[in-house]
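Inspection log for the structure reproduced underneath, given as structure tokens.
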Amino acid sequence: MSKPTFLPERRQMLQSMGGLAAAVAVPGVLAQQPPAEPAALRAQYLRWRDALPVAPEPTLTRHGLVATELGRWRVMEANQAAAVDRDHFYGIGNHALVKHRKDTGERVAEWIGPRGGPIIHFNAGYVDGNELVLAHSNFPQLPMASSLEIHDARTLQPLRSHSFGIRLGSLTWAVRHRGYWWACFANYNDSGTTPGFDQRWTYFGQFDDNWQMLQSWIFPPQVVATWGRSSSSGGDWGEDGLLYVTGHDAAELYVLRLPRQGVALDYVTTIEVPFEGQGWAWDRSAPGQRVIYGISRMRQEIIAARMPAVVGVAGV
């Protein structure tokens, strides 16, 4: 095995930092060398540091990707998110759920939680078989607390609940993917977050079936910068293995992926969508079609759109 080599400056710095220049054994160096002065050592370190390659500035790049609108329906209650299955789409409000036929737009079911009741702030949701899976939090109350609420997708009646209790961040979206739960716990830049924290503390985690966290990541800074005073309101994995997320107000969807190194999700690109952030859902009944359902909170509408494929972008 070949012996490691050291640049002269780095070799001297390593000796001096230990304060044992005469005792440190450095391969290829036989003569003792006096320790460098602290100022000289600092200068050596700065020259070495400045010679390192610099990572690109984190920016929100765009590659001309735009979703195609397929239809929209007026649904007054849908001020938080939309969900969808083969024959129906669902409007999700703070404490209201409504169900409509895809073909006619006719309302076929609704569920309204009482004001002041246990349901305070539904967030994003999705349909899993005959169940409507909903992220829920007590936003803007403190301390922050969250739960996962499961309703019958046929009748919209509640079935069961899993409480996370007090946790840093509000559960804004949660999905099943490849045998695990994946969820976002959001922090904000307003009174709805724990004092001393802000939206930079929002994280995305992988959990087992007992909701024990296995690992977690923070969001890329260029995506966090788009959130205003809020945070990430929706997200899910695509069939392409990429992670798609929205903020609270921007008509954009951000494509991310798990990083090879580090603690922050990798940013891939941005897709323009015909709705302003909030919660959305893939139409899993049409595999390969890349159709999503989202909401326009301002116009009180549910909107269907076809997503462009993300190929040839940033190594995808």
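Numbers here simply count residues along the sequence, with the first being 1.
Remark: of the listed residues Tyr203, Tyr267, Trp227, Tyr254, Trp227 is the sole one forming a ring-ring contact (aromatic ring centres under 6.0 Å, His included) with Phe219. Partner of Tyr244 under the ring-ring contact (aromatic ring centres under 6.0 Å, His included) criterion, out of Trp237, Trp282, Trp173: Trp282 alone.
Counted by atom type alone, Ser231 and Thr202 present one or more donor-acceptor pairs between their side chains at under 3.5 Å. Side chain to side chain, His100 and Glu106 fail the donor-acceptor criterion of an N or O pair below 3.5 Å.
Looking at Glu272 and Arg62, no side-chain N of the basic residue comes within less than 4.0 Å of a carboxylate O on the acidic one, giving no salt bridge. Checked for salt-bridge contact, Arg290 and Asp240 meet the test: a charged N lies under 4.0 Å from a carboxylate O. Salt bridge Arg176/Asp209: present, at least one basic N to carboxylate O contact under 4.0 Å.
Of all non-hydrogen atoms in Ala153 and Tyr90, the two that sit nearest each other are O-OH, 3.3 Å. In terms of heavy atoms, His136 sits closest to Phe122 at CD2-N, 4.0 Å. Summarising the geometry of Ser137 relative to Ile120, their closest heavy-atom pair is O-CB, 3.7 Å, with the distance given to 0.1 Å. The minimum heavy-atom distance linking Leu142 with Pro195 is given by the pair CD1-CD, 4.1 Å. When all heavy atoms of Ala82 and Ala281 are compared, the pair lying nearest together is O-CB, 3.6 Å. Across Phe139 and Ser170, no two heavy atoms sit closer than the pair CB-OG, 4.3 Å.
Under a 4.5 Å side-chain heavy-atom criterion applied to ILVMFWY residues, the cluster that includes Met298 comprises that residue alone.
Within 6.0 Å of CZ in Arg299 there are more than 12 heavy atoms belonging to other residues, nucleotides or ligands. In Arg200, the CZ atom is not crowded: 12 or fewer heavy atoms of neighbouring residues, nucleotides or ligands sit closer than 6.0 Å. More than 12 non-hydrogen atoms from other residues, nucleotides or ligands lie less than 6.0 angstrom from CZ of Arg49.
Below 30°, between 30° and 60°, or above 60°: for Phe164 and His162 the angle between ring planes is above 60°, a perpendicular geometry.
Interatomic distance, Leu134 CG to Leu148 CG, rounded to the nearest 0.5 Å: 8.0 Å.
A continuous path of ILVMFWY side-chain contacts below 4.5 Å connects Met307 to Trp280, so both sit in one hydrophobic cluster.
Checked by atom type and distance alone, the side chain of Ser216 never pairs as donor or acceptor with a backbone atom of Phe204 at under 3.5 Å.
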Steps toward side chain to side chain donor-acceptor pair (under 3.5 Å) verdict (Ser161, Glu149): CA-CA 5 Å; Ser161 174; Glu149 302 295 328; 2.8 Å; yes
Side chains of residues 69-76: which donor-acceptor pairs under 3.5 Å do they make with residues two or more places apart or in other chains?
| from | atom 1 | to | atom 2 | distance (Å) |
| --- | --- | --- | --- | --- |
| Glu69 | OE1 | Arg72 | NH2 | 2.7 |
| Glu69 | OE2 | Arg72 | NE | 2.8 |
| Glu69 | OE2 | Arg72 | NH2 | 3.4 |
| Arg72 | NH1 | Glu301 | OE1 | 2.5 |
| Arg74 | NE | Gln300 | OE1 | 3.4 |
| Arg74 | NH2 | Gln300 | OE1 | 2.7 |

Residues 180-188 side chain polar contacts: donor-acceptor under 3.5 Å, at least two apart:
| from | atom 1 | to | atom 2 | distance (Å) |
| --- | --- | --- | --- | --- |
| Trp182 | NE1 | His177 | O | 2.9 |
| Asn187 | OD1 | Thr193 | OG1 | 3.1 |
| Asn187 | ND2 | Trp201 | O | 3.2 |

